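In what follows, a structure is listed as structure tokens, so that the remarks can point back to it.
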There are 4 protein chains.
Amino acid sequence: MTDAIQNPNDADPKAAPKFRRRKDARPDEILDAALRLFVEQGFAKTRVEDIATRAGVSKGAVYLYFPSKDALIEALVDRALGGMADEIGAAMRAYNGHPRPLLERFAGVVRHHLEQNDVIAVPKLIIHEAPSQPQLARIYGERVINKVMPDVIAMFSRAMDAGHIRRLDPEMLVRSMLGPVFLHIILSDIFGIVPERGLSLDLLFETHLSVFFAGIEPVKEA
Amino acid sequence: MTDAIQNPNDADPKAAPKFRRRKDARPDEILDAALRLFVEQGFAKTRVEDIATRAGVSKGAVYLYFPSKDALIEALVDRALGGMADEIGAAMRAYNGHPRPLLERFAGVVRHHLEQNDVIAVPKLIIHEAPSQPQLARIYGERVINKVMPDVIAMFSRAMDAGHIRRLDPEMLVRSMLGPVFLHIILSDIFGIVPERGLSLDLLFETHLSVFFAGIEPVKEA
Amino acid sequence: MTDAIQNPNDADPKAAPKFRRRKDARPDEILDAALRLFVEQGFAKTRVEDIATRAGVSKGAVYLYFPSKDALIEALVDRALGGMADEIGAAMRAYNGHPRPLLERFAGVVRHHLEQNDVIAVPKLIIHEAPSQPQLARIYGERVINKVMPDVIAMFSRAMDAGHIRRLDPEMLVRSMLGPVFLHIILSDIFGIVPERGLSLDLLFETHLSVFFAGIEPVKEA
Amino acid sequence: MTDAIQNPNDADPKAAPKFRRRKDARPDEILDAALRLFVEQGFAKTRVEDIATRAGVSKGAVYLYFPSKDALIEALVDRALGGMADEIGAAMRAYNGHPRPLLERFAGVVRHHLEQNDVIAVPKLIIHEAPSQPQLARIYGERVINKVMPDVIAMFSRAMDAGHIRRLDPEMLVRSMLGPVFLHIILSDIFGIVPERGLSLDLLFETHLSVFFAGIEPVKEA
DNA sequence: AATGAATGAGCTTTCATTCAT
DNA sequence: AATGAATGAAAGCTCATTCAT
């Protein structure tokens, strides 16, 4: 899943004059090219020919693997629906202690992906294209968000029951947990608003986690 | 602040409840129609003729007031840039006490607009169209976000100096403050993910503010 | 006829706050404006609104006097069909001596119009618009050219009979007489090819008439 | 010289009398269709779709080879700029005797093209479209007229120095030489004015050359 | 399997013409 | 008589999709 934007078409197209690319690589290369261009310029502004060129194939070849331009964006979402959601869900369900260690572990993973700028591309794409491709948002919402959300909520609920954190609406707590990171991404991605100091992600996570965990700590009796 | 997308028929000076119309209201009516359609279906999928029809005029009339389709989206952003940013900035600069009352007041305003679904439409539009219309994001970023952000940051800094809240990076604190609300909007708007219980906005603000303010409270000495 | 481009809209449109322009001036002012613009940019590239503006009236006013844009160009040709053709024809028919004095007199008239750049505008217009407005060329050809041509031919024939000039096809002689002037106009008008020295018209007429008259002189017996 | 509008199907290297077609001939076929229509109806009145239809392709195919409608007319002029100007110039520069034989040879070439109605089409087009496409006139003027003119002038000057013809302004002499032919073309093309007797071109050249050469003959001493 | 020339529906934009005021 | 806002047909151009090679 993480190779979503891994090997777009490593520079030299005719470097392997004999080793025909493993057949199955083609569709993925096309999707990689499409994802990049969709994120860069939006779905509507991206021409199928551009995708083909970027993927190092001909326009016609795209249609050998995908029946339409719309199918490309759907395939992109499909490809991104892989294990992650299940993994996260499983981890959440299996967890029982104070949320902090678990969430800090996930923070590390998210940070990694943000730096790689890979997996994040698909959600970004969906946000941009949601109005014109509502089915995407629906699919992604159903297959990713609705899959993970209940497990996170349940994890928070257990933590409240166990007294690890104070009692709050667990569904809204998810927004408090993810919102700041989400906003940070949007600000830097769309508006190019990046804090002046270099390691902004470090600072973001440090600050956010500090506030969040202090904010959900059980109230200390006087 | 509320005039960002105010109904162009307000403040009608000289009755004439049925005729009138021409010339004055037109541009605003067209922008209203455009905004609605752009948000509903995206800029690319919206045809100029649709906008005209929705505004109750002919295709040609749109070009009487706006030189191109692109100009429509720019005019929309321009129209939304009114006083709001200045007002918020001024309020922030004038403020000196504990952030809570100030932010709760703003929470109320934001809630109101979320329920009206008016002013929020333009930022939503920008988020969707950012890749294909980068100049929009730039303008909005420069004229709104960069205008308000420093004042909010300064307000947080003063509050830290005064010991009202604990010392944290104020720039990141802005993300912690706004992020959860922002994510809530995106989740409900794009993915249609709405908490089952009715008054989700109440719950959102209650939970978020509770966590946020508890999270930034000065550390109590042992 | 020579006022065709005389008074387009002498600068100040509201200089005569009381003396309403003689009603009948309007159509002529519109035609003047139209002729200028048609010659400058061609018929197709000229918008009715531009004509109206140049004439100092509103777009709608043009349609008060002319039923369509096509009608403008036809009216222009009509207006140019005035006396000149008849005058020239009459002069030709009345003439009986050696062609030289007569033609030199006409050369002076042509020179004058070339310098004024007025009457010449309509034939120029016809040349440019002939393919898209064939009826214009037809009318002009029938009402001007075919009217004058026979009289010139007859004049040449009489001159041959009288032994003033040598025997040549009189119809072709007309081309020899007018062609060089015509080409000079085209070269300077379309290609901007103007001889370096200043008084090119002087030189043109001097050279051309010298060659022409020497060329048609009766052959001297050895 | 004759390749200016040469049939694009010449020189077909590998038979295939029915298939073939694609890719190679297309641009020329489109230009041929465009030229015919531009000359027939003018640039503005000709729709790209008409050109496509006439060329036997679809509207889109035109844009496969030419980026815009304007580019078509420019390509037409470009295509016509081939060797002709150079050839004529070279012939003029190389020539030293009495102008008559040289010019009579060229008269033959011109006659031929007039009968073929091929190369002449482009200058005609330029004359008609000059006001709306001034760059065409500029290009043609620079690359054809200004290229040939100096050589013709120089040739006349040499002939004067050698006493072959009498001393006249050589620049104006060019107009005397070409003007009658030019006017003949315009008269027949635009106004449909054709002398009644059949072989008008024969008569034209005979008369014109007779007058011209008699007109420039050195003055005989008494 | 792969290509890329060709197609044509669909969109933006222009502007002659109309008509309420 | 005069205006200029409004109309909508018409045309240029794009690009997803097809298909002969």
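Any value given below was found using the heavy atoms of this structure, including those in side chains, with hydrogens, waters and symmetry copies removed. Just so it is clear, the structure is predicted and the values come from calculations on it, not from any experiment. Order of the sequence lines sets the chain letters (A, B, ...), proteins ahead of strands, with each chain counted from 1.
D:Arg47 has its CZ atom 14 Å from the P atom of F:dC13, to the nearest Å. If you take CG of A:Asp50 and C1' of F:dA16, they are 12 Å apart, rounded to a whole angstrom. Straight-line distance from the CD atom of C:Glu49 to the P atom of E:dT18: 16 Å, rounded to whole Å. Across the protein-nucleic acid pair, A:Leu64 atom CG and E:dG4 atom C1' stand 12 Å apart, rounded to whole Å. If you take CZ of A:Phe66 and C1' of F:dA16, they are 16 Å apart, rounded to a whole angstrom. Atom NZ of B:Lys45 and atom P of F:dA16 are 12 Å apart (whole Å). Atom CD1 of B:Ile73 is separated from atom P of E:dT12 by 13 Å (rounded to the nearest Å). Distance D:Tyr63 OH to E:dG10 P: 18 Å, rounded to the nearest Å.
Residue C:Tyr65 places at least one side-chain N or O closer than 4.0 Å to OP1 or OP2 of F:dA2. Remark: C:Arg26 is not in phosphate contact with F:dA1, judged by side-chain N or O atoms under 4.0 Å from OP1 or OP2.
Here D:Lys69 lies in heavy-atom contact (under 4.0 Å) with sugar-phosphate atoms only.
Remark: A:Leu31 CG to A:Arg36 CZ distance equals 13.5 Å, nearest 0.5 Å.
A residue-by-residue look at C:Gly60 and D:Thr46 shows that C:Gly60 has its nearest nucleotide of DNA chain F further toward the 5' end.
Applying the 3.5 Å distance criterion, the base of E:dG10 shares a donor-acceptor pair with the side chain of D:Lys59.
With a 3.5 Å ceiling on both atom-pair distances, the Watson-Crick or G-U wobble partner of F:dT17 is E:dA6. With a cut-off of 3.5 Å on both pairing distances, the Watson-Crick or G-U wobble partner of F:dG12 is E:dC11.
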